[in-house]
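Worksheet: one structure, shown below.
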Amino acid sequence: MILRAALLTAFATLPFTAQAQVLMEPNVSIKMALTIATTAIEACTLRTTVVVTDRAGRIRVFLQGDGAQPHNLEIARRKAYTAGTFGRTSLEWAQRTETQTQGQRMLTDVLPLQGGVPIKFGDATIEIGRAHV
């Protein structure tokens with residue numbers, strides 16, 4: 001209770017601009033994610049899996065072509081996460097971390113394989129990943 005009162009007092013003493021600050025970050029809409037996924041799967045083989053994630057790495061759309069393997073969902077999601085996290089294709093990131101910053105390869109959910117492509121809107125990045133059999 002004392003901690004709560006202290007936090008409320010601290011918040012109340014902040015300048016108004018600090019209290020009212022709201023972050024506004026662009027993100028992928030479901031309609032845009034569907035368009036990206038549909039376009040990607042049509043351009044690829046039937047065995048392709050496509051995952052479009054939002055800027056936080058959460059899956060927005062998942063499409064799996066005929067004959068694709070069940071594990072491709074996880075592979076595509078991780079490729080998309082890698083592309084979005086590092087703002088470059090997952091292949092470029094894999095090549096860069098072969099000799100430099102190898103510690104990044106140990107991060108959860110990153111995958112140094114070709115297929116993840118960042119989609120950029122100004123300075124914001126959303127990502128798309130795909131996996132082949």
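Residues take their numbers from the sequence shown, with the count starting at 1.
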Exercise: identify the closest heavy-atom pair between Gly116 and Ala83 | C-CB, 3.6 Å
Going by distance alone, is a donor N or O of one side chain under 3.5 Å from an acceptor N or O of the other, for Thr97 and Arg105?
-> yes
CZ (Arg77) and CG (Asp109) are apart, to the nearest 0.5 Å, by 4.0 Å
With a 4.5 Å limit on heavy-atom distance, are the side chains of Val50 and Phe62 in contact?
-> no
When rounded to the nearest 0.5 Å, the distance separating CD of Glu74 from CD of Gln69 is 15.0 Å
Decide yes or no on side chain to side chain contact (heavy atoms under 4.5 Å, CB included) for Val61 and Val51, but give the supporting numbers first.
-> CA-CA 6 Å; Val61 172; Val51 171; over 6 Å; no
Kindly indicate whether the side chain of Arg58, heavy atoms from C-beta on, has any atom under 4.5 Å from the side chain of Thr53.
-> no
To the nearest 0.5 angstrom, please state how far the CG atom of Leu91 sits from the CG atom of Leu113.
-> 9.0 Å
Side chains of Thr39 and Glu42: donor-acceptor distance under 3.5 Å anywhere?
-> no
May I ask you to test the Arg47-Asp66 pair for a side-chain heavy-atom distance under 4.5 Å?
-> no
Drop me the distance from Thr85's OG1 to Arg55's CZ, to the nearest 0.5 angstrom.
-> 11.0 Å
Gly87 to Pro118 - nearest heavy-atom pair and separation | C-CG, 3.9 Å
Quick one: pull up CD1 in Ile36 and OG in Ser29 and give me the separation to the nearest 0.5 Å.
-> 8.0 Å
At their closest point, which heavy atom of Tyr81 faces which heavy atom of Val110, and how far apart are they?
-> CE2-CG1, 4.1 Å
Minimal non-hydrogen separation, Gly115 against Ser90, with atom names | N-OG, 3.3 Å
For Thr82 and Trp93 the tightest heavy-atom approach is CG2-CE3, 3.4 Å
Scan side-chain atoms only and decide if Thr49 and Gln64 contain a donor-acceptor pair under the 3.5 Å cut-off.
-> yes
Spell out, as yes or no, whether a donor-acceptor pair under 3.5 Å connects the side chain of Thr48 to the backbone of Cys44.
-> no
Compare all side-chain heavy atoms of Arg96 with those of Phe86 and state whether any distance is below 4.5 angstrom.
-> no
